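Presented below is the structure to which this report refers.
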Amino acid sequence: MNQYSAKDIQVLEGLEPVRKRPGMYIGSTDETGLHHLVWEVLDNAIDEAMAGFCENIIVRIHNDGSVSVLDDGRGIPVEQHEQTGVSAVETVLTVLHAGGKFGGSGYKVSGGLHGVGVSVVNALSTRTEVTVERDGGKHFIAFEAGAPAEPLKQVGTSDKHGTFVQFWPDPKIFETTEFNFETIKKRVRQQAYLTRGVTITLLDERKDQENAAQFYFEGGIASFVRHLNDDKESISPVLMFEGEINDVAVEIALQYTQEFRESVLTFANNIQTIEGGTHLTGFSSALTRTINKYARENNMLKEKDPNFANEDVREGLTAVISVKVRDPQFEGQTKAKLGNSNVRTVVEKLFSEKLDEYLGEYPSDAKSIITKCALATKARLAARAARDTVIRKGALEGSNLPGKLADCASRDPEKSELFIVEGDSAGGSAKQGRDRHTQAILPLRGKILNTEQSRLDKMLANNEVKSLVVALGTAIGDTFEEEKLRYKKVVIMTDADVDGAHIRTLLLTLFYRHFHTLVARGNIFIAQPPLYKLQKGKEIWYAMTEAEKEKIRTEHDVKGDNIQRYKGLGEMNPDQLWETTMNPETRTLVQVKVADAERADHIFKVLMGSEVAPRRKFIQTHAAEVKDLDI
Ligand code: 0RA
């Protein structure tokens, strides 16, 4: 009895703070936070795979709002835990950070580094069920809101081993409890790449959206790089390097492509480090040094030539860097930057040796790579000259903003908004309808430019792009300064038709590639003009969607003639445009997330890039989805 109350107290002390302040543990309680629960449970299974004990993982989205993860690892131990006096499995599920604290040396690189452990999942779920198979037995335990609800009991015998965790996220905690198949699929795929040899199956059993996916990658991160370069033209094979020094295990896969941008993803203990860190620094300096050394030694850089700059050797590079360390330190604003200083030296040493060896052994690959670097240098110098001209003009001709820009009176970026509007006629309405004090209008004429095939210097020769860059105030390329942004909100306002969607994609691509920081900081928005106007007598309603229109139509009995479908922004008079789309009190703006811009970039590459096959595939796949094509 005493033991029980002691345990209860401990459980409360353990998990109560998690329910009180979930954001502290999983970042947020929105869709992202919800999916964090899945990552946490999945990470535990991946840990078992990394430690070499698990080959199969099944993630299941059930039809009752729950998700489960089944693995064939060792199984969470079920015997009594020394410190807590209750079973190990109960401890793991009810004590914060208890995840990998025992089990000993098997846990070389315990992940769960999101860092919180499966007890947090338990705390934030109405119910959690765990079934463990190990040592000949099958055991079951259940929890409610983090507290044990059904004590651990043996429910049968088994000659298998593994863990099954099923949880029902608490709707009182989360803003949404709807899991997203694609989000989970992306994560599962990524984890499968990072854990060579593990098979991860994802099943969606919800009635309306049955779906399944399975991932197994023989090639690990080399397969990952191949996947990232699906839609790109390669100029080298995928190179794969791996090794271990002082307990730091390093895997690097890379491939050069015809792209202008680099795409380097870094991971520490299977956790993506979007802010980079010591592994990236080590990689980057080894890459520059080794390529320069090879180019010099082989007379590909002449005496008079300067060395390749770091950005030159990174142009068109796709790479995945994955390190496993015993005690990872995550730093930075979002705790997504690896801090362990020894990792830099290890990666630098290992990678420069292996890359040097490779270049020596494969001179024709070396030649293609160095030719690409030389081209990048040339382009960089040309772009700098072009940009300097634009910036100098912008600066000299004064606060001389582009003629087409109707600027706002306010000079305070916090209060200022820039509307990028498609076409002169909509631009006219927007100029008349706006709040001149805080809203600036920049009309763009037609298609801005196919940025896909243009380098920065060519892009800056385009007047529409030039106007936009000057209006933003941040400059572009390596002199980009986010603090100089003249408007806190930059709003893309295009028609709700195919052309509008195209221009929006172009702009998103431009922002994604050249103003990435602005996207990441949440400065970019998409205006939501209404699709319909409904009128009955003096009453007017606007509807953003088909469904909304139907609702208003039936509720207020608006007959056919009084429903107008807006084909373009230009059809709205200035007052209507203000009221429906621009007025901060009544409008809806959608903030662009990096993932949206990334998607636009991808679609754009497929539709506009030089590779024909993926474009054909995309059009064939999506042709049926285009229902309402008004050209
Ligand atoms: C602690 C120790 C051991 C395994 C685990 C935890 C474990 C946790 C989870 C969570 C999901 N699946 C899991 N599989 C294993 C090692 C026990 C031993 O040494 O046998």
Side-chain angles (χ1 to χ4, degrees), residues 260-266 272-277 280-281 284 309-311 314-315 331-337 380 383-384 386-395 398-402 405 407-408 410-420 438-442 444 448 451 455-457 459-460 462 464-493 504 506-527 589-601:
F260 307 131
R261 291 176 313 144
E262 64 160 337
S263 169
V264 176
L265 305 184
T266 62
Q272 189 167 7
T273 35
I274 40 175
E275 296 179 72
L280 179 61
T281 321
S284 191
N310 181 251
E311 58 191 285
R314 286 163 66 171
E315 188 179 292
E331 304 171 344
Q333 281 201 332
T334 57
K335 295 269 171 259
K337 182 176 182 179
R380 173 168 57 87
R384 179 171 296 168
R387 187 206 53 221
D388 286 352
T389 316
V390 172
I391 304 303
R392 195 162 353 100
K393 274 211 189 112
S399 25
N400 261 342
L401 292 158
L405 175 76
D407 207 6
C408 54
S410 167
R411 285 285 161 268
D412 178 1
E414 282 298 312
K415 296 199 183 99
S416 308
E417 304 178 340
L418 175 67
F419 283 79
I420 306 171
T438 57
Q439 298 181 323
I441 310 293
L442 181 69
L444 291 184
I448 43 171
T451 47
R455 289 174 173 275
L456 194 56
D457 53 333
M459 259 182 53
L460 286 173
N462 176 283
E464 309 297 307
V465 175
K466 216 186 306 185
S467 304
L468 178 56
V469 173
V470 176
L472 290 174
T474 56
I476 189 169
D478 54 9
T479 48
F480 172 85
E481 281 180 85
E482 61 183 85
E483 305 76 36
K484 296 240 173 103
L485 182 66
R486 300 178 61 244
Y487 312 93
K488 178 156 188 203
K489 291 197 170 98
V490 177
V491 186
I492 301 171
M493 188 157 78
R504 187 168 61 238
L506 284 164
L507 284 167
L508 283 176
T509 303
L510 178 74
F511 283 119
Y512 176 72
R513 295 194 184 178
H514 297 286
F515 299 95
H516 199 274
T517 324
L518 303 187
V519 180
R521 293 199 329 177
N523 292 118
I524 314 295
F525 295 82
I526 295 174
L589 290 185
V590 173
Q591 192 172 42
V592 175
K593 298 271 163 55
V594 173
D596 304 322
E598 191 181 322
R599 202 173 310 122
D601 181 68

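Note that the structure is a prediction, hence the values are computed from the model and not measured. Residue numbers run from 1 in the order of the sequence given.
Here the NE2-CD1 distance, from His514 to Ile476, works out to 5.5 Å after rounding to the nearest 0.5 Å. Glu315 CD to Glu262 CD: the interatomic distance, rounded to the nearest 0.5 Å, is 10.0 Å. Taking NZ of Lys415 as the reference point, atom NZ of Lys489 lies at 13.0 Å (rounded to 0.5 Å). To the nearest 0.5 Å, atom CG of residue Leu507 and atom CD1 of residue Ile492 are 5.0 Å apart. Rounding to the nearest 0.5 Å places CG of Leu405 at 10.0 Å from CG of Leu468. Note that CG of Leu442 and CE of Met493 are 11.0 Å apart. Values are rounded to the nearest 0.5 Å.
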Test side chain to side chain contact (heavy atoms under 4.5 Å, CB included) on Leu472 and Phe511 and set out the steps.
CA-CA 11 Å; Leu472 290 174; Phe511 283 119; 4.1 Å; yes
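Proximity of Phe515 to Val469: side-chain heavy atoms (C-beta onward) are separated by under 4.5 Å at one or more points. The closest side-chain heavy-atom distance from Val490 to Leu518 is not below 4.5 Å. Considering only heavy atoms from C-beta on, Glu417 stays 4.5 Å or farther from Tyr487 through its side chain. Residues Asn523 and Lys488 have side chains in contact (heavy-atom distance under 4.5 Å, counting atoms from C-beta outward).
Of the possible polar contacts, none joining the Glu464 side chain to the Leu444 backbone as a donor-acceptor pair under 3.5 Å is found. Checked by atom type and distance alone, the side chain of Ser410 never pairs as donor or acceptor with a backbone atom of Thr438 at under 3.5 Å.
Phe419 and Gln439 make their closest contact through CE1-NE2, 3.5 Å (heavy atoms, listed as atom of the first residue, atom of the second, distance). Across all non-hydrogen atoms, the minimal contact from Glu275 to Lys335 is OE2-N, 3.8 Å. The heavy-atom pair separating Leu418 from Ala471 by the smallest distance is CD2-CB, 4.4 Å. Smallest separation of non-hydrogen atoms from Ser467 and Pro402: O-CG, 3.4 Å. Contact between Phe480 and Thr517 at its shortest, heavy atoms only, is CE2-OG1, 3.5 Å. Residue Val594 comes nearest to Ala520 through the heavy atom pair CG2-CA, 3.8 Å, listed as atom of the first residue, atom of the second, then distance.
Looking at Asp407, Thr474, Asp412 one by one, the single match for side-chain hydrogen bond (donor to acceptor under 3.5 Å, both in side chains) with Arg486 turns out to be Asp407.
Partners of Glu482 under the salt bridge (charged side-chain N to carboxylate O under 4.0 Å, His left out) rule, at least two apart in sequence or in another chain, are Arg521. When the side chain to side chain contact (heavy atoms under 4.5 Å, CB included) test is applied to Glu481, the partners found at least two apart in sequence or on another chain are Glu483, Lys484.
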